[in-house]
Amino acid sequence: MTGHIRKRSGKSGASWQITLDKGVDTQGKRQREYITVNGTKKEAQATLTEKISQFNRGTYIEPSQLTVEDCIHQWMKVYAVPRLAPSTINGYKVNFEKHTIPYIGNVKLQQLTPVQIQDMFTLLADKGLKPRTIKYVHTTLREALQYAYKMRMVPQNVADFVSPPKQEKFKASVYTEEEAIQLLQHASGTDMDIPLHLALGLGLRRGELLALYWKDIDFQNKIVTICRNLVCINKEFRFDNPKTESGNRTILLSQSLLEKLKKHKIAQAENQLFLGQEYENNDLICCRPDGKPYHTGSFSHKFSQFLKKNGLRHIRLHDLRHTNATLMMKYGVHAKIASERLGHSNIAITLDTYSHVSPEMQTDATNKLESGIFDKLDQKIV
C-alpha cells in the first residue's frame with residue numbers, strides 16, 4: 001500500500017485528503033480509499049503512516065457500510081445455521097429480531113460503540129426484561145460480533161467492553177415429596193399418567209419425554225435409552241439427536257414403572273386397533289390419542305391446565321426434572337449417578353444447579369452432626 005496527502009479548501013476551512021493506493025483487484029481495477037482529516041498536515045501524515053503500517057502488519061480493516069443487522073444475518077447464515085440445532089437457531093432469530101435489531105440494527109458495524117450496546121441493555125431492562133434474558137441478548141450479539149472480528153470486518157469486538165446486568169443465581173422451583181405424590185395420584189387413570197411418571201421418575205427434558213419410542217424400552221434388562229429430542233418450530237416436528245453427547249444415556253427403570261409401561265402399551269395397541277387407519281403409528285410412548293406427536297408448547301400448556309384443574313401448585317413441566325434431581329439429592333444418591341441419569345456433561349453442573357438444600361435436608365444434617373459429635377461430647381464432659 002502507498003499513499004499521498006493533498007490539501008483541500010472548503011467553506012468550513014482547510015482539510016487534508018489522504019489517498020490510499022491498495023493496488024488492483026482481481027479484475028485489474030485500481031483500488032483507492034480516501035480519508036479526510038480535519039486538522040493539521042502533521043496529523044494527516046500520522047494517519048497515513050498508521051494506515052500503511054496497519055496494512056503491512058496485516059491489521060488493516062477495510063472500510064465497510066455493513067450494518068449490525070447485516071453482520072447478524074451473515075453470521076447466522078455462515079456459522080449458526082450449519083452448526084447449531086434448529087431450536088437454537090430459531091431462538092437466536094427471535095432474540096435478534098425482538099431485542100437487538102430494533103435498537104442497533106441500523107448502526108454501521110464499524111461505528112458501533114460499547115455505549116450504544118449498554119444503552120440498549122438499559123432500555124431492555126426498562127421494558128421489564130429479566131437479567132437472564134439480557135444476558136442472552138449480550139451472549140448472542142457478542143458471538144455475531146466475534147465473527148465480524150475474526151473476518152477482519154472490525155478491529156475489535158465492542159461487546160467485550162460491555163457488562164450485562166448481574167444475574168441472580170438460578171434456584172429451581174420444585175415439588176416437595178408430598179406434592180410429587182399428590183401429582184401422580186391425580187394423574188392416575190388419565191392420559192397424563194405415563195408422561196408424568198416418566199418426567200418425574202427419570203428427570204427427562206420435555207423434548208426427550210415426547211421423543212421416546214417403544215423401541216427405546218428394554219423390558220428384559222429394565223432400561224430405557226435416551227437418544228433423541230423432539231423439536232417443534234412453528235408447526236414442524238423434528239426428531240434430533242441430543243444437544244450433547246452426554247444426553248445419550250441409559251437409565252434403569254423401576255419395577256413399578258415397567259409395569260405401568262406394559263399396561264400402557266397394551267392400552268395404546270387397543271386404541272390403535274379401534275381407530276384403524278385414523279391412527280398414525282409413530283412408535284411414540286407419549287403421544288396424542290391418534291398417535292401423532294405432541295407439540296412441545298401445547299404439551300406444556302396441557303400440563304399447566306392439568307395442575308389448575310386439580311388444584312395443584314403451578315410449576316413448569318421442566319420443573320419436574322428439577323424435582324427429580326432434588327429428590328435424588330435428598331435420598332442420598334451420589335452426585336455422579338444423578339449427573340449420569342440427568343444427562344449432564346459433567347458432575348459440576350449437577351452440583352452447582354442443585355447445591356441448594358431443603359429444610360428437611362438441613363434438619364437431617366443438623367441432627368446427624370448433633371448425634372455424631374455434640375451428644376458424645378456432652379457425654380464425655382459428664
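A quick note: this is a predicted structure, and the numbers were derived from the prediction, not measured.
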Testing the basics here: between [X] and [Y], what is the closest heavy-atom pair and its distance to 0.1 Å?
{"X": "Leu209", "Y": "Pro195", "result": "CD1-O, 3.7 Å"}
{"X": "Asp216", "Y": "Ala211", "result": "OD2-O, 4.1 Å"}
{"X": "Leu200", "Y": "Ala180", "result": "CD2-CB, 3.7 Å"}
{"X": "His295", "Y": "Arg288", "result": "N-NH2, 4.1 Å"}
{"X": "Cys71", "Y": "Ala144", "result": "SG-O, 3.5 Å"}
{"X": "Ala159", "Y": "Leu145", "result": "CB-CD1, 3.9 Å"}

Taking Tyr294 as the fixed residue, which of Phe237, Phe299, Phe303 is the one that meets the ring pair (Phe, Tyr, Trp, His ring centres under 6.0 Å) rule?
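Passing option: Phe299.
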Non-neighbouring partners of Phe306 that pass ring-ring contact (aromatic ring centres under 6.0 Å, His included), sequence neighbours left out:
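Phe306: no ring-ring contact (aromatic ring centres under 6.0 Å, His included) contacts found.
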Which residues share a ring-ring contact (aromatic ring centres under 6.0 Å, His included) with Tyr279, sequence neighbours left out
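Residues passing ring-ring contact (aromatic ring centres under 6.0 Å, His included) with Tyr279: none at all.
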Would you call Asp283 and Lys215 a salt bridge, taking side-chain N to carboxylate O under 4.0 Å as the test?
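So Asp283 does not pair with Lys215 through a salt bridge.
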Ion pair Arg313/Glu179, N-O distance below 4.0 Å:
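The answer is yes: the pair qualifies as a salt bridge.
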Would Arg142 and Val162 count as a side chain to side chain contact (heavy atoms under 4.5 Å, CB included) here? Give the steps.
CA-CA 10 Å; Arg142 187 192 175 281; Val162 180; over 6 Å; no
Where the side chain of Thr88 meets the backbone of Leu84, is there a donor-acceptor pair that is under 3.5 Å apart?
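No: the side chain of Thr88 does not pair with the backbone of Leu84.
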Do [X] and [Y] come within less than 4.5 Å of each other through their side chains, counting heavy atoms only?
{"X": "Gln111", "Y": "Gln116", "value": "no"}
{"X": "Pro165", "Y": "Lys135", "value": "no"}
{"X": "Arg249", "Y": "Glu340", "value": "no"}
{"X": "Arg206", "Y": "Arg321", "value": "no"}
{"X": "Glu280", "Y": "Asn282", "value": "yes"}
{"X": "Leu212", "Y": "Cys286", "value": "no"}
{"X": "Gln74", "Y": "Tyr147", "value": "yes"}
{"X": "Val224", "Y": "Thr250", "value": "no"}

I'd like to check the side chain to side chain contact (heavy atoms under 4.5 Å, CB included) partners of [X]; sequence neighbours left out, ordered by chain and number.
{"X": "Lys77", "answer": "none"}
{"X": "Tyr79", "answer": "Trp75, Arg83"}
{"X": "Ile223", "answer": "Asp218, Asn221, Leu252"}

Once rounded to the nearest 0.5 Å, what's the spacing between atom [atom1] of [X] and atom [atom2] of [Y]?
{"X": "Met192", "Y": "Leu184", "atom1": "CE", "atom2": "CG", "result": "11.0 Å"}
{"X": "Asn95", "Y": "Thr140", "atom1": "CG", "atom2": "OG1", "result": "4.0 Å"}
{"X": "Thr133", "Y": "Lys130", "atom1": "OG1", "atom2": "NZ", "result": "7.0 Å"}
{"X": "Leu141", "Y": "Gln146", "atom1": "CG", "atom2": "CD", "result": "11.5 Å"}
{"X": "Leu202", "Y": "Leu257", "atom1": "CG", "atom2": "CG", "result": "5.5 Å"}
{"X": "His322", "Y": "Leu327", "atom1": "NE2", "atom2": "CG", "result": "13.0 Å"}

Enclosure of Phe274 CZ (heavy-atom neighbours >12, cutoff 6.0 Å)
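Open: at most 12 neighbouring heavy atoms sit under 6.0 Å from CZ of Phe274.
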Using a 6.0 Å cut-off, check whether atom CG of Asn106 has over 12 heavy atoms from anything other than its own residue.
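Check fails, neighbour count at 12 or below.
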Start with the C-alpha distance between Glu69 and Val107, add both sets of side-chain angles, then the distance that settles side chain to side chain contact (heavy atoms under 4.5 Å, CB included), and finish with yes or no.
CA-CA 8 Å; Glu69 182 176 5; Val107 177; over 6 Å; no
Partners passing side-chain hydrogen bond (donor to acceptor under 3.5 Å, both in side chains) against Lys93 (at least two apart in sequence or in another chain)
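With sequence neighbours excluded, Lys93 shows a side-chain hydrogen bond (donor to acceptor under 3.5 Å, both in side chains) to no residue whatsoever.
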Residue pair Thr67 / Asp70, side-chain donor-acceptor N/O under 3.5 Å
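Thr67 vs Asp70: donor-acceptor pair found between side chains.
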Does the pair Asp191 and Lys302 meet the rule for a salt bridge (charged side-chain N to carboxylate O under 4.0 Å, His left out), with working shown?
CA-CA 10 Å; Asp191 59 353; Lys302 180 181 176 70; 2.8 Å; yes
Under a single-linkage definition using a 4.5 Å side-chain heavy-atom cutoff for Ile, Leu, Val, Met, Phe, Trp and Tyr, are [X] and [Y] assigned to the same hydrophobic cluster?
{"X": "Phe96", "Y": "Val154", "result": "yes"}
{"X": "Val137", "Y": "Phe161", "result": "no"}
{"X": "Tyr175", "Y": "Ile181", "result": "no"}
{"X": "Phe121", "Y": "Leu123", "result": "yes"}
{"X": "Leu253", "Y": "Leu284", "result": "yes"}

Listed by chain and number, what are the salt bridge (Lys or Arg N to Asp or Glu O under 4.0 Å) partners of [X], not counting sequence neighbours?
{"X": "Arg238", "result": "Asp240"}
{"X": "Glu259", "result": "Lys262"}
{"X": "Lys108", "result": "none"}
{"X": "Arg341", "result": "none"}

May I have the step-by-step check of side chain to side chain contact (heavy atoms under 4.5 Å, CB included) for Tyr103 and Asp119, ending in yes or no?
CA-CA 9 Å; Tyr103 298 92; Asp119 287 345; over 6 Å; no
Quick one: is the NZ or CZ of Arg228 closer than 6.0 Å to the six-membered ring centre of Tyr213, and within 45° of its axis?
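Output yes; distance and angle both within limits.
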Which residue pairs pass the ring-ring contact (aromatic ring centres under 6.0 Å, His included) test with at least one member in residues 179-201, sequence neighbours excluded?
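For residues 179-201: none.
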Evaluation steps, side chain to side chain contact (heavy atoms under 4.5 Å, CB included), between Thr323 and Thr176:
CA-CA 8 Å; Thr323 300; Thr176 63; over 6 Å; no
Contact list for residues 265-278, test side chain to side chain donor-acceptor pair (under 3.5 Å), sequence neighbours left out
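Qualifying pairs, neighbours excluded: Trp214-Gln268.
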